[in-house]
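Step one of this worksheet: look at the structure below.
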Amino acid sequence: MAASAAFPQSLAYITASGAGLAVFLFLASLLLVSNPLSCTVQGYFYKLDTPKVILPPVMPQDQLDSYSNVDSGDNKSQPSGFNFTTSLSGVSGSISEGVRYSLPSGSESNVEVPNSNKEPIEDSMNKDGPGCDLFKGTWFYDPRGPLYTNSSCPVISLMQNCQGNGRPDREYESYRWKPSQCELPRFDAKKFLELMRGKTLAFIGDSVARNQMESLLCLLWQAIPNERGNKRIHRFYFRSTSTTIVRVWSSWLVHQTPEAIDFAPEGVTKLHLDSPYENFMEFIPTFDVVVLSSGHWFAKRSVYVLNNEIVGGQLWWPDKSREAKINNIEAFGVSVETIVASMATHPNFTGLTILRTYSPDHYEGGAWNSGGSCTGTRPLEPEQLVKNDYTDIMHEKQMTGFHRGIQKKSNKSKFVMMDITEVFSYRYDGHPGPFRTLSPDGKPRTRMQDCLHWCMPGPIDTWNELVLEIIRREYEGKRSSSS
């Protein structure tokens, strides 16, 4: 009798225990889904009490970084834009304003821009005393070589790993830029991190922006090899100085939609040239330094919209009875004016914007998809340089859009044009060319070459030497003026 009375109690106990275990497993599974194990890695790299912008995972290589899909004029689908999410609530976030980055000591700005603000445009370059135009000079061979190798930096994309893809020469890695009237210091990782202490630098743009961000990470990797970020979320946090490097994907820097508009059907990308790309504008106040990169996607198929009216298209214009009002080059200029004006009038943005000018390509004998190639081993001499009309007019439209945009400035932000277009026109030797990837038999793929992106290490590291010099003059100038 006692045994039979105990049996129901045991059964009830077992039933309750099983139910409790089921609830525990259910809650644990929810926790793992919302907080995967990789969060323990993030916790090591990121301070837990630091609000942080989290970007989505890296897109597959064949969608994001395939040269034939990302930066060509083909008709393939594009990667979707980044959608920011925040891991914590409440994320918050002296360069001449609108002048080519130069000093008045014998060299003049290429473009004279009227200032729409009441207060005069300051020329913080004077804080350094006599100076120079950073973008007039020559390339010289530095026997010290690069600051990193393709094997010492783990964040190099496959298609920029030229040595890993079998490129036999290395001379192109060792040329450095020398301004005519001053020195451009070799990149100093500790100097950069100290200047950016507690600050965030964001690269916003296309795959060339990604190329530059990876170059900066490789240069920084040598200084603090034990404190690394997490590439999967496109955010790198250096705990020693609380410095954050962010990369934001934006093909055109303006608002884009696939929905049908008027006679443009659903599916083809519509670019609203008068609206900035909203996915990053909300977070602009959290960035202290922004490096903008765009231009090459304007060779891709798209429809141009202004004031909700279709005004042109690239590789798309089905109704020949209608007259297109703008072409892709003019659309590029409008887009630059839009993004610059949007940042220059953002009420909460007080940071420094660096517009890196149009990066020249060097296809010879054809386009990217018609046999174009680039096989140089050292920079061109001035007498060897052949003008590229398309590059020149894209650069011109970009400069015009930049200066028009900053004339609308109403906040305390700073702007500088990092004018690398002519400087890098000489570097036809610095592209991957046929060494963008390997075929299954271990040989370079020669059918389609990459003469747009840059090998790493290589010339693109100079871009970050220029960025460091711009930041140094800005922040050290502020310190000296306030002391």
Side-chain angles (χ1 to χ4, degrees), residues 55-56 70-71 73-84 202-209 248-285 287 290 292-319 322-349 353 355 358 394 397-411 415:
L55 303 180
V70 173
D71 283 308
D74 63 355
N75 185 21
K76 297 180 181 178
S77 61
Q78 68 206 29
S80 59
F82 281 172
N83 293 310
F84 281 90
F203 291 96
I204 301 176
D206 51 24
S207 58
V208 183
V248 184
W249 175 271
S250 179
S251 309
W252 290 280
L253 301 181
V254 292
H255 178 60
Q256 58 193 69
T257 59
E259 292 81 12
I261 299 178
D262 195 8
F263 62 98
E266 183 178 0
V268 61
T269 300
K270 322 299 184 305
L271 300 183
H272 294 257
L273 299 174
D274 49 3
S275 298
Y277 189 57
E278 67 283 356
N279 284 27
F280 65 78
M281 283 302 299
E282 178 183 355
F283 295 91
I284 285 296
F287 301 148
V290 175
L292 296 175
S293 168
S294 65
H296 293 283
W297 275 69
F298 281 87
K300 291 179 67 72
R301 186 183 188 218
S302 52
V303 178
Y304 305 138
V305 180
L306 278 172
N307 297 319
N308 294 317
E309 176 190 354
I310 296 175
V311 293
Q314 171 66 4
L315 301 178
W316 181 91
W317 197 254
D319 190 348
R322 299 173 182 259
E323 181 180 358
K325 298 179 181 178
I326 64 173
N327 59 25
N328 66 316
I329 297 173
E330 293 162 335
F332 173 50
V334 175
S335 74
V336 173
E337 179 180 352
T338 294
I339 187 61
V340 170
S342 298
M343 296 180 68
T345 57
H346 195 294
N348 299 318
F349 179 56
T353 299
L355 179 70
Y358 190 78
M394 288 291 279
K397 293 295 183 182
Q398 188 179 32
M399 291 183 70
T400 300
F402 174 79
H403 292 304
R404 286 177 175 172
I406 60 172
Q407 288 182 48
K408 303 172 184 178
K409 184 174 172 299
S410 60
N411 59 22
F415 290 82

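Computed from a predicted structure; not experimentally measured.
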Q) Given Thr353 and Leu292, is the side chain to side chain contact (heavy atoms under 4.5 Å, CB included) satisfied, shown in steps? A) CA-CA 7 Å; Thr353 299; Leu292 296 175; 3.8 Å; yes
Q) Residues in ring pair (Phe, Tyr, Trp, His ring centres under 6.0 Å) with His346, at least two apart? A) none
Q: Apply side chain to side chain contact (heavy atoms under 4.5 Å, CB included) to Ile310 and Lys270, showing your working.
A: CA-CA 9 Å; Ile310 296 175; Lys270 322 299 184 305; over 6 Å; no
(Q) Just so I know, are the side chains of His403 and Ile406 near enough to count as touching, which here means a heavy-atom distance under 4.5 Å? (A) yes
Q) Are the side chain of Lys397 and the backbone N or O of Met399 linked by a donor-acceptor pair below 3.5 Å? A) no
Q | Thr257/Val305 under side chain to side chain contact (heavy atoms under 4.5 Å, CB included): CA gap, chis, key distance, verdict | A | CA-CA 10 Å; Thr257 59; Val305 180; over 6 Å; no
Q: Find out whether Val303 and Phe263 are in side-chain contact, i.e. whether some heavy atom of one side chain is under 4.5 Å from a heavy atom of the other.
A: no
Q) Any donor and acceptor pair, going by atom type alone, linking the side chain of Trp297 with main-chain N or O of Ala299 inside 3.5 Å? A) no
(Q) How long is the straight-line distance from CD of Gln256 back to NE2 of His272, given to the nearest 0.5 Å? (A) 9.5 Å
Q.
When you compare the side chain of His255 with that of Glu278, does any pair of heavy atoms fall below 4.5 Å?
A. yes
Q | Partner residues of Thr345 under the side chain to side chain donor-acceptor pair (under 3.5 Å) criterion, sequence neighbours left out | A | none
Q) Do the side chains of Ser251 and Tyr277 get nearer than 4.5 Å, heavy atoms only? A) no
**Q.** Spacing of CD1 belonging to Ile204 relative to CG belonging to Asn279, to within rounding of 0.5 Å
**A.** 11.0 Å
**Q.** side-chain contact (heavy atoms from CB on, under 4.5 Å) partners of Ala331, counting only residues at least two apart
**A.** Leu273, Phe298, Tyr304, Ile326
Q: Kindly compute the distance separating CD1 (Ile339) from OG (Ser250), expressed to the nearest 0.5 Å.
A: 7.0 Å
Q) Among all residues two or more places apart in sequence or in another chain, which pass the side chain to side chain donor-acceptor pair (under 3.5 Å) test with Ser293? A) Asp206, Arg356
Q: Check side chain to side chain donor-acceptor pair (under 3.5 Å) between Asn348 and all other residues, then give those that pass, not counting sequence neighbours.
A: none
Q: Could you note down all residue pairs passing salt bridge (Lys or Arg N to Asp or Glu O under 4.0 Å) where residues 325-349 supplies at least one of them, sequence neighbours left out?
A: Glu309-Lys325, Glu337-Lys408
Q. Considering all heavy atoms of both residues, which atom of Ser342 and which atom of Pro276 are nearest to each other, and what is their separation?
A. OG-CG, 3.4 Å
**Q.** Qualifying salt bridge (Lys or Arg N to Asp or Glu O under 4.0 Å) pairs, either residue in residues 260-269, two or more places apart
**A.** none
Q: Heavy atoms only: give me the nearest Gly312-Ala324 pair and the separation to one decimal.
A: CA-CB, 4.1 Å
Q. Got Trp252 and Ser335 here, is their nearest side-chain heavy-atom distance under 4.5 Å?
A. no
Q.
For a quick test of reading the model, state the closest non-hydrogen atom pair linking Gly295 to Met394 and the distance between them.
A. O-CE, 3.5 Å
**Q.** Residues that Tyr358 engages under ring pair (Phe, Tyr, Trp, His ring centres under 6.0 Å), provided they are two or more places apart
**A.** His296
Q: For Phe280 and Val248, work out which heavy atoms get closest and say how close.
A: CB-CG1, 3.9 Å
Q) Listed by chain and number, what are the side chain to side chain donor-acceptor pair (under 3.5 Å) partners of Glu282, not counting sequence neighbours? A) none
Q | Which residues share a side-chain contact (heavy atoms from CB on, under 4.5 Å) with Pro265, sequence neighbours left out | A | Val268, Trp316
Q. Val334 and Asp274: side chain to side chain contact (heavy atoms under 4.5 Å, CB included), yes or no, with the steps?
A. CA-CA 7 Å; Val334 175; Asp274 49 3; 5.8 Å; no
